[in-house]
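Written out below as structure tokens is the structure these notes cover.
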Amino acid sequence: MSTSNGEPLAVELRNVDKAFYGVKANDNVSFELARGEVHALLGENGAGKSTLCSILAGLYRPDAGEMWFEGKPALFKTPKDALAAGVGMVYQHFRLVSNLTVAENLALGHHDQGVRLDQKELARAAEELGERYDLAVDPTARIWQLSVGEQQRVEILKLLYRDAKILILDEPTAVLTPQEGQALFKTMRQLAGEGRSIIFVSHKLDEVKQVSDRVTVLRNGKTVGGVATKDADARELARMMVGRDLELPTRSASAPPGEVMFSVSDVRVLSDRGLEAVRGVSFEVRAGEIVGIAGVSGNGQRELAQGLVGLRRLTAGRVEIDGEDVTSDTVLERIDKGLAYVPQSRLGMGLAPGLTTEENLALKAFRRPPYSRGRTLVASAFRDEGARQIEQYDIRGVRPGLPIRLLSGGNLQKALLAREVELEPKVLILRSPTRGLDVGATEAVRNQILAEGVRGTAVLLISEDLDELMALADRLLVIYEGEIVGEMQTEEATSERLGLLMAGQRVEESA
Amino acid sequence: MAFKRWRLFATLMVVIAMVAAACSSGGGDSEGSEPAETATTTAAAEPAEVLKIAFVHVGPVADKGWSWAHDQGAKYVKAQLGDAVEITTLESIPEGSDAQRVFEDLAAAGNKLIFGTSFGYMEPMLAAAENFPDVAFMHATGYKTSENMGNYFGAAEEGRYLSGMAAGAATKTNLIGYVAAFPIPEVLRGINAFTLGAREVNPDVEVQVVWTSTWFDPPKEGTAAESLLDAGADVIAMHQDSAAPGQAAEAAGAKWVGYNTDMTEFAPNAWLTAAIWDWGPFYLAQAKAVIDGTWKAESVYGNMADGMVALAPFGESVDEDLQALILEREDEIKEGIFSVFPDPIVDQDGNERELGDIFTMDYFVKGVIGSPTG
Amino acid sequence: MSTRRLIVEPRGLASTRLKLLVPVASVIAALIVAGIFLLLTGESPVEVYAKMLDASFGSQRGIAETMISATPLILTGVAAAIAFKMQVWNIGGEGQFLMGAIFSAGIAIWLGDGFPATVMIPAVVIAGGLGGAFWAAVSAIPRVYLGTNEIITTLMLNFIAINFVNFLIFGSSSPWRDSAVATFPTGRPIPDAARLPEFFFRLDVGIFIAIVLAIIAWYLMGKTRWGFAVRVAGDSTDTARYAGISVPRKILGVFLLSGAFAGFAGGLFVSGPVGALDPRSLILNLGFTGIIVAALARLNLIAIIPVAVLMGALNNSGPALQSIGVPTATVSMLQGAILLFAVAGEFLIENRIRRPESVTVAANPEPETA
């Protein structure tokens with residue numbers, strides 16, 4: 001696994017530049033990938049990891065610099081070129097056709113085999129690969145029938161079916177349970193053992209420590225350094241990544257929670273497909289309490305959150321805010337009664353992407369003073385209130401007239417959370433609030449959530465990130481297939497126990 | 001993202017609009033005739049003596065139809081008077097109130113005699129004439145006049161009657177299809193005269209009318225002709241400015257009576273004959289009157305006797321006996337012995353009625369199938 | 001295989017200077033390219049452009065005529081822009097324009113001669129807006145409550161409106177038809193009291209009404225709570241729902257307002273230059289052209305006013321160009337080229353095009369063989 005045994009490197013990038021909107025996403029980046037190694041790419045969001053991977057995978061072309069592939073200069077013009085040469089990538093957002101079968105997705109874009117697909121042959125290949133690499137998926141299943149973890153396996157199988165020598169996995173563990181993550185690491189080691197090279201993108205230090213041979217750290221688009229994993233110290237890696245010492249905030253023993261502020265009883269909600277996605281969920285959140293709901297994505301979290309805020313009709317159940325029944329209230333009425341919501345999709349639902357930051361900060365309060373007087377808007381209020389909140393919540397990158405969609409993920413989330421917190425809600429529901437955020441933004445968002453708890457808000461934190469849940473929540477619920485399958489105080493929780501519950505194994509019924 | 005979708009949409013709409021614009025205005029050029037006669041910008045030695053004349057047409061002058069016939073008249077004037085006149089021709093000018101601007105622009109540009117060759121120019125020309133009292137305006141096919149606006153038209157029904165005779169002799173199915181523009185007196189007059197002529201030589205003939213609501217729309221007119229051929233007609237007649245009905249007839253092996261000009265070249269086998277226009281002598285007289293200072297706003301109704309209306313050359317399939325019969329009738333018309341419309345006249349339902357004022361004719365004669373109100 | 005190709009990428013935020021500069025530059029580029037084209041067809045670009053300018057702006061009467069042509073385009077442009085801002089693809093401006101004309105002429109004829117202009121003019125303008133809104137509602141209500149595609153319904157309703165106008169005048173003895181004229185079906189002239197007063201050659205006060213209405217639309221969309229909610233909903237329906245904004249009601253409101261503006265255009269056109277429900281005077285694609293005006297003005301409701309004036313000038317210059325010997329086909333192509341370049345300029349505002357600085361690896365065009 002050494003890089004100096006005379007064998008040519010699998011891939012080498014020298015002094016690569018790539019800019020978007022005049023901002024350098026990669027600035028003089030160099031990167032070496034040896035054969036048969038798992039190479040972790042570590043960095044905050046916006047550090048340039050995804051850009052680097054996309055250049056390797058042929059999605060972007062560098063503005064400057066050189067790329068060497070197996071000892072020869074090369075440049076992939078398209079992802080197809082890259083794949084033909086043996087370089088494939090599993091993106092964070094899967095590129096599968098959801099109403100085709102697993103086998104059909106394997107064949108997609110593979111032009112070697114005529115017009116007709118030999119379904120049987122494909123299915124056989126899929127099964128064989130799945131068995132060999134511990135990536136079992138039913139080849140005849142359609143993609144939409146699969147869990148997120150299974151879909152990821154299909155993505156990896158796609159690359160293996162094309163015999164990719166270099167596999168790029170962009171934050172693969174973000175969508176997996178801890179157990180699924182462990183299984184993936186085993187597969188990664190096996191692939192590396194066969195002489196394939198793997199680029200593993202992550203910002204989670206423990207995973208990097210566990211699975212990789214070497215680590216390259218990126219910060220602000222530049223290479224900060226590369227080290228052998230066994231020589232690296234977690235604290236040191238974190239410092240390289242962020243550029244300063246940093247401690248993520250966690251819950252301190254808080255004041256005892258107050259009155260029941262948010263009460264949910266036997267709530268049932270249908271999914272878009274008309275299936276029952278939330279099946280009789282009940283819980284309470286007290287003032288000042290932070291309750292976490294853990295679960296693998298797709299187990300009814302979306303439907304639950306939307307049902308609670310009024311975006312989705314409840315087929316049964318009752319929701320109360322501060323003792324008042326809001327079950328049949330509209331979204332607006334619930335907002336007025338003190339319900340705030342940070343959805344998972346920031347640009348898709350939480351923010352109006354084409355409007356400015358100032359306008360987005362007023363998105364819920366625009367109906368009342370100071371933003372409007374009667375039916376007329378007050379332009380100065382938008383400007384002054386906007387400026388104050390941008391300052392207070394440290395939202396960076398704002399320029400006059402700039403659509404908010406051009407801000408970074410961390411700043412989007414800060415703006416979104418700022419707006420909800422400014423409403424001084426009684427109940428705050430958040431979904432995966434730090435997903436995809438870098439360490440700095442995660443710190444800011446976590447602090448804000450903790451501050452809400454201290455202020456006396458009833459906080460419901462729905463997340464797939466166990467670290468986050470364990471750091472912030474007072475109490476944890478686990479959701480599986482639309483039902484609450486476990487509840488525990490955070491002190492009693494371990495990842496193993498949560499992971500089993502999240503995977504649907506009812507080991508015990510805890511009180 | 002929404003923004004991109006919007007831009008794509010906008011671009012698409014612009015492209016569609018441009019294609020539509022190109023289709024609607026470019027239609028006439030494909031027939032390969034020479035481009036519009038336009039202003040000779042060479043200034044004459046004594047500008048005061050040059051009479052500037054303008055023509056405004058609703059269709060392209062290359063249509064080989066109505067507008068082309070008027071343009072031939074303009075060319076005749078130019079050939080006769082040479083440098084003494086300067087002629088501006090505007091084509092494809094929509095009818096309606098917007099045309100007032102065009103007439104006023106022409107008047108402001110120094111044109112002293114302005115012809116508008118479509119009915120829909122009447123009101124805008126009247127308004128322009130009021131604003132430019134020292135310019136002579138002449139409007140074709142209308143009925144309103146003023147101090148400095150006259151109008152002119154001709155008895156196309158005379159030629160229509162004769163062409164109907166050729167058609168009546170040619171049909172074997174005894175069904176003639178008639179592609180007609182609008183249900184207005186001018187067109188109804190033509191259909192009735194044509195039908196009377198056809199039934200003179202073949203009393204069993206019926207004439208089926210379809211309305212297109214357009215003067216010049218080749219695809220629509222062609223389709224209308226095809227529908228008549230499908231219905232069993234084996235001769236197509238028309239009151240349209242394009243040759244498309246004739247081309248449809250040619251393709252179906254049927255016969256065709258045209259209008260406006262000699263259109264033999266478009267459908268040489270189908271061609272029978274047509275009522276055609278010869279505006280040249282009239283336009284020349286108008287130009288001379290303005291030059292001489294004797295012009296007055298009048299209503300002129302030309303006919304075969306004075307040459308404004310004529311009969312086109314016969315097609316090869318019209319035999320000599322029939323030709324002789326038709327020409328004999330033409331002579332009688334010119335001499336005033338024969339009148340196209342009898343009085344009383346038998347209408348579509350077989351009732352005898354007074355002929356009435358032919359300029360407000362609003363009924364069909366016996367033998368016509370279709371509705372005279374559209 | 002070209003290895004040195006140009007890079008197109010979104011610009012992010014265009015500067016104000018750029019937003020002003022690019023349209024001007026794209027019009028100049030259009031004139032240059034169209035000029036080359038004119039040279040190739042044997043025309044003198046200088047003479048052609050001078051004539052265009054002269055015809056539209058070179059005389060007082062020319063300016064008046066340009067403004068007359070601009071008046072309906074301002075309103076149909078605003079109609080398209082407010083709908084498009086909300087992502088409501090109302091391309092039924094043509095039909096709504098005509099329905100506005102029908103309502104306007106109808107109310108004027110129905111009221112008859114007994115009323116003063118102070119009653120008649122507001123009546124015809126309001127009736128025009130109601131007519132347009134009514135016709136928009138025929139598409140808007142199924143769009144909101146059944147999810148039908150408004151592009152298809154509004155487009156189809158255009159043709160229905162066109163045929164309906166023709167029917168009222170050519171195909172029936174409706175009150176809109178002038179029964180006194182037997183020779184050719186024409187619209188019945190509306191009472192003089194319903195006609196907008198002319199004050200400068202043929203130019204009537206409709207131009208001021210149009211500008212005031214455009215400013216009202218701008219205020220409504222940009223300065224009111226309702227307009228803010230509409231902008232949010234237009235930007236993202238999910239976000240609007242999330243923020244407690246009733247999206248269906250906003251769509252309905254915007255759709256009707258859009259139709260009303262197209263209808264105002266029809267009303268002003270009838271009570272201004274036309275004076276009757278005359279199909280030939282009204283069916284001039286003014287509704288469709290409004291979509292182009294809105295696009296060129298980048299949906300900016302104030303920018304629509306000058307763009308409509310330029311578009312009116314461009315349309316009016318056609319006959320003038322014919323009179324100096326430019327064939328009609330060339331005139332249409334010239335107008336098309338200018339529009340196309342204006343749209344291309346829009347693309348340049350949103351994107352930048354540049355060369356890659358250096359791509360060292362370009363020497364090896366076949367990475368696969370490695």
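In what follows, chains carry the letters A, B, and so on, assigned in the order in which the sequence lines appear, proteins first and then strands, with residues in each chain numbered from 1.
Neither the backbone nor the side chain of D362(B) comes within less than 4.5 Å of any heavy atom of chain C. Contacts of I283(C) with chain B are absent, with no heavy-atom separation under 4.5 Å from either backbone or side chain.
In terms of the side chain to side chain donor-acceptor pair (under 3.5 Å) criterion, S317(C) has no residue partners (sequence neighbours excluded). For K85(C), the side-chain contact (heavy atoms from CB on, under 4.5 Å) partners two or more places apart in sequence, or in a different chain, are M221(C), L299(C), L301(C).
Atoms CD1 and CZ, on I169(C) and F182(B) in that order, are 12.0 Å from each other to the nearest 0.5 Å. Distance CG/D98(B) to CG/D278(C): 11.5 Å, rounded to 0.5 Å.
Among V274(C), V270(C), L282(C), the one residue that satisfies the side-chain contact (heavy atoms from CB on, under 4.5 Å) test with S97(B) is V274(C). When each of V102(B), T89(B), I93(B) is paired with Q322(C), the side-chain contact (heavy atoms from CB on, under 4.5 Å) condition holds for I93(B) and for no other.
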Begin with the C-alpha distance, continue with both residues' side-chain angles, and end with the deciding distance and a verdict on side chain to side chain contact (heavy atoms under 4.5 Å, CB included) for R101(B) and F201(C). CA-CA 11 Å; R101(B) 181 189 74 248; F201(C) 294 90; over 6 Å; no

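Applying a 4.5 Å heavy-atom cutoff, the residues of residues 61-69 of chain C that approach chain B are R61(C), E65(C), S69(C).
Looking only at side-chain heavy atoms (C-beta outward), L284(C) and P94(B) come within less than 4.5 Å of each other.
Remark: D192(C) CG is loosely packed, at most 12 non-hydrogen atoms of other residues, nucleotides or ligands lying under 6.0 Å away.
Within the structure, the salt bridge (Lys or Arg N to Asp or Glu O under 4.0 Å) test picks out the following pairs touching residues 110-125 of chain B (sequence neighbours left out): K112(B)-D134(B), E123(B)-K144(B).
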